[in-house]
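One structure below.
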Amino acid sequence: MARKIGSRYTANQILGRGSAGTVWLGEGPEGPVAVKLLREDLASDEELVGRFVQERTALLGLEHPHIVTVRDLVVDGNDLALVMDLVRGTDLRTRLERERRLAPEAAVAIVADIADALAAAHAAGVVHRDVKPENVLLDMQGPLGPGGAHPALLTDFGVAKLIDSPKRTRATKIIGTPDYLAPEIVEGLPPRASVDIYALATVLYELLAGFTPFGGGHPGAVLRRHVTETVVPLPGIPEELWQLLVQCLAKAPASRLRASELAARLREQLPTLAGMPPLDVDEPDLSEEEAEESGPADAPTGEPVRRRGAVSLVPGAKPDSNRDTHTSMRVPGADELAGGAHGTARAPRTAGAPRPGSAKHRATVRRRRITLGVAGLAVAAVVGVGAYLASSGGDGGPAQDTHSTSTP
């Protein structure tokens, strides 16, 4: 059912729903547009409306070939909407769900496009704060790039900042999606441009591996890993590309590259990645403790609980098709962060290796235990025979007294 958005736009069809609002296919004076209509409770928040108006100039002035342009911001009664260019294509999450992982050349080409977008935004003083596959659109009508990648555009600029009002978060909550949050955000520090670099490096890791480096399980566990764990190499990734990823996933914001540097370095890698197939790695499994912490498993009985990207905030809840954006979560205390695993994150398994907890893995462990048990019995038997022979003088006859006695 069509509805009017302000005096200039008409929303005709819902394209998707998210926690921040609904995206519509709309029509404006200059043709088709995408209209992101924020939730009614957000539209009724006077403070947010004020921030919305204040951000208008910055958002409307943000133009770049790899940024979805915001054409207008509408404040009309209960309607609070961003009117954006309509991109004919799909989002990166949809492609990931279809292909699981991308060939390195295509993955790097897409991320280089988004790094260019972030460089332009950061130069204008705008931090995205919610970089993730759901907010990367692939223009199916654009020319194919390296690895057959469609041009990538970053969308939803400004929405995280608009929603992250002091009244709503009260300095005890954080806005974002757990898998892509930089450690400094988890620790309650203000988000700077470097948080976008960390999130984008997480996206690149996910495109290559098929899962995020710290994702899976309860959101609290995900947040803890960002602060306490370091990422391990992916089997088969070129060393220079891996070092680039490590630098951009550094815990210290100052150690990360700037967006323009990241874009240039990624494009330097493209010739060496041509023709390389997708990596052949398996996703790590949750530990027993993490599986219990995450609530009931969706997997059938006996199957391990897999680590996943874009985890649900409610255990057992199924992700909807509308790409939830902007989650509000409590900042973990220092004791909670200190309670997590320290050191290196669990390494992805080489494809074909048995998963811990799987039937194949349990059978292997059983065989190993039986072998060790038999070996232990054999050793015990040898020791026992040796002791017996020693005590019997070594000839199997009656025991001989080795001490001489004399009679007066």
Query raised in the report: Strictly by modelled atom types, are E206 and Y180 linked by a side-chain donor-acceptor pair under 3.5 Å?
Result: yes
Minimum heavy-atom distance between [X] and [Y], given as atom pair plus value:
X    : Y    : value
I5   : A11  : CG1-CB, 4.0 Å
A2   : T10  : CB-CG2, 4.0 Å
A259 : H122 : CB-ND1, 4.1 Å
S7   : K4   : O-NZ, 4.1 Å
L86  : L15  : CD1-CD1, 4.3 Å
P133 : V203 : CD-CG2, 3.9 Å

What distance do [X] atom [atom1] and [Y] atom [atom2] have between them, rounded to the nearest 0.5 Å?
X    : Y    : atom1 : atom2 : result
L102 : L207 : CG    : CG    : 5.0 Å
L137 : L92  : CG    : CG    : 9.5 Å
H66  : D113 : NE2   : CG    : 3.5 Å
I110 : L153 : CD1   : CG    : 11.5 Å
T69  : L60  : OG1   : CG    : 10.0 Å
T90  : R95  : OG1   : CZ    : 10.0 Å

Do [X] and [Y] have side chains that get closer than 4.5 Å, going by heavy atoms?
X    : Y    : result
L279 : P235 : no
P238 : M276 : yes
R93  : N135 : no
R88  : M140 : no

Verify, without hydrogens or angle tests, whether [X] (side chain) and [Y] (backbone) share a donor-acceptor contact under 3.5 angstrom.
X    : Y    : answer
T202 : Y198 : yes
D139 : P151 : no
D196 : V127 : no
R225 : F214 : yes
E187 : E184 : no
R100 : G210 : no
R265 : S260 : no
K251 : H226 : yes

Query raised in the report: More than 12 heavy atoms of other residues, nucleotides or ligands under 6.0 Å from CD of E240: is that the case?
Result: no
Report task. Test Q247 against Q243 for side chain to side chain donor-acceptor pair (under 3.5 Å), laying out the working first. Result -> CA-CA 6 Å; Q247 185 172 0; Q243 291 304 324; over 6 Å; no
Query raised in the report: For M84, which of D72, T155, V33 qualifies under side-chain contact (heavy atoms from CB on, under 4.5 Å)?
Result: T155
**Report entry** Option passing side-chain contact (heavy atoms from CB on, under 4.5 Å) with Y205 (candidates V231, I237, T212)
**Finding:** V231
Between [X] and [Y], does at least one N-O distance fall below 4.0 Å, as a salt bridge requires?
X    : Y    : answer
K132 : D156 : no
D79  : R3   : yes
R267 : E105 : no

Requested in this report: Taking the six-membered ring of Y9 (Phe, Tyr or Trp), confirm whether the NZ or CZ of K36 is under 6.0 Å from its centre and within 45° of its axis.
Outcome: no
